[in-house]
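Data first, discussion second: the structure below is written as structure tokens.
Every value quoted in this text rests on a predicted model; they were computed, and no experiment measured them.
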Amino acid sequence: MSSAHTPSFSSRRTADRGPSGDAVDVGTARDAAPSSTPDGADPGAPVPAVTPLTEPADGVGPVIDTPEAFAEVVAAYAAASGPVAADAERASGYRYGQRTYLVQVRREGAGTALIDPIAIPDLSPLREAVGDAEWILHAASQDLPGFAEQNLYPARIFDTELAARLLGMERVGLAAVIAEVLGLGLAKEHSAADWSTRPLPEDWLRYAALDVEVLIPLRKILGERLEEQGKAEWAAQEFEAVRTAPPPPPREEPWRRTSGVHALRNPRSLAVVRTLWEARDENARRRDIAPGRVLPDRAIVAAAQAMPRSVPELVKLPAFSGRNTARRAAAWQHAIDQALALPQEALPSARGPRSDAPPPPRAWADRDPAAAQRLDAARVVVQALSDELSVPIENLLQPDALRRVCWTPPSPLDTEHVAQFLRGRGAREWQLDLVAEPLARALADPASVPRPAPTPTPESAP
């Protein structure tokens, strides 16, 4: 997409008001219409009206894809003030990897800019222009890795999804949060589109602009609610942990994540999965196509179950009968033949790679009954805190850290050492302040933890 135009930074706004009564900057909206009843809500309760957003307040400007246009954006953002709302669009399901194909930013006084990071791969001047301003994102962990590829490193962030979780909101997708907090309807029909498309359609750009337009007023209200509930410091620690999180290490034996592989126990079948997965990955990487579009997981598992010895046998399988799949049948059969020819000692283990992680909790009662009792008691304690604070249990303490401290508790088993153990596995200080002491007591004496009474069934109710 090519455009020599510079962005329009109109100061026009259409004021609306969310349920809180705060003024909200929105674009053109249709007449309010009743929303559907949210999941889990009382069907008899009044349903709040949701006003669908249809147009950005400033309209849809041209995509920024030249150095000259980008320089105009940088100058405008440097002259403006306040936080920067940001989002990114990828082409998951279409392209290989998680490359960013559109970056949307908005700042009061500078408007919204839609930037093509393929044409403008280095966005560091934008980061320098806004200094230490806060960046507002929804589900920041999804967008920050792509931003890093464009040399875009926010100095501070506010994650509206994490904020919604800490506030105990039942639905935390952006559209659901916007509807509940601002009373605005945000369409999400283009969220799974192929954003590598060029030129990008006008309605996609409209969607992308609206995504960041709502973030600044949303952050204001969520921030106020966090303060009111005494959770602002919790949120700050969570945001910083997300911002500074290192890239995850490469996954060991990633082929084991093939959907359906859990049903295979024969090491030879697993070898077929491995060689087909590796052949598919190489093909997908070379062609920049999502692996699932090159060869579906179901086809890999079907071949591993049938173990065909020839191309004619392979293409008889329904999963390989499609034109695109059959066209590369010789390459897939070559990968299968490689697996069939492996000596026994080269076959993958049916158990998977060695790990220092505890075994699945369902096996604890047999392998270590005392650890199973500790886990049961710890879950009761953490669940009670979760209910009391209206914070999801997985946000109160990382599930992996909870399992590990129950499987191999520190010694001595006291608050200080439990906190030290959990801190070493990524727990934040606010989490330790809440869970370390009651968790240490529960681990030291699981029998002392009162179990909640079972919910009576219709049959057992008096």
Tell me if a side-chain donor or acceptor on [X] pairs with a main-chain N or O of [Y] at a distance below 3.5 Å.
X    : Y    : answer
T100 : L102 : no
Q431 : R423 : no
K231 : L166 : yes
R90  : Q142 : yes
T275 : A335 : yes
E238 : L162 : no
R156 : D132 : yes
S355 : A357 : yes
D288 : Y96  : yes

Are [X] and [Y] packed together at the side-chain level, in the sense that at least one heavy-atom pair is separated by less than 4.5 angstrom?
X    : Y    : result
D122 : P125 : yes
E240 : R428 : no
S269 : Q305 : no
W255 : L270 : yes
Y77  : E128 : no
R309 : I336 : no
V50  : L184 : no
P409 : R374 : yes

Close aromatic pair by centroid cut-off 6.0 Å: W234 and W430
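Ring-ring flag for W234/W430: true, centres closer than 6.0 Å.
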
Please assess R219 against D159 for the test salt bridge (charged side-chain N to carboxylate O under 4.0 Å, His left out), listing each intermediate value before the final yes or no. CA-CA 8 Å; R219 181 261 183 266; D159 188 329; over 6 Å; no

Item to complete: Would you list the pairs meeting ring pair (Phe, Tyr, Trp, His ring centres under 6.0 Å) in which at least one residue belongs to residues 158-188, sequence neighbours left out?
Response: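 Checked against ring pair (Phe, Tyr, Trp, His ring centres under 6.0 Å) - neighbours excluded - the pairs reaching residues 158-188 are F158-F239.
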
(Q) If you compare all heavy atoms of A85 against all heavy atoms of I216, which two are closest, and at what distance to 0.1 Å? (A)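 Looks like CB-CG1, 3.9 Å.
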
- Evaluation steps, side-chain hydrogen bond (donor to acceptor under 3.5 Å, both in side chains), between S92 and Q98: CA-CA 6 Å; S92 303; Q98 294 295 312; 3.0 Å; yes

| message | Tell me which pairs pass side chain to side chain donor-acceptor pair (under 3.5 Å) where either residue lies in residues 390-405, with sequence neighbours left out. | response |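 For residues 390-405: D356-R404, D400-R404.
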
- R285 with D281: basic N within carboxylate O range, under 4.0 Å: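 Salt bridge flag = yes for D281 with R285.
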
*asked:* Go through it in stages, so that I can follow the logic: the residues are R256 and E253, the test is salt bridge (charged side-chain N to carboxylate O under 4.0 Å, His left out), and I'd like the CA-CA distance, side-chain angles, deciding distance and then a yes or no.
replied: CA-CA 6 Å; R256 290 187 183 271; E253 298 189 348; 2.3 Å; yes

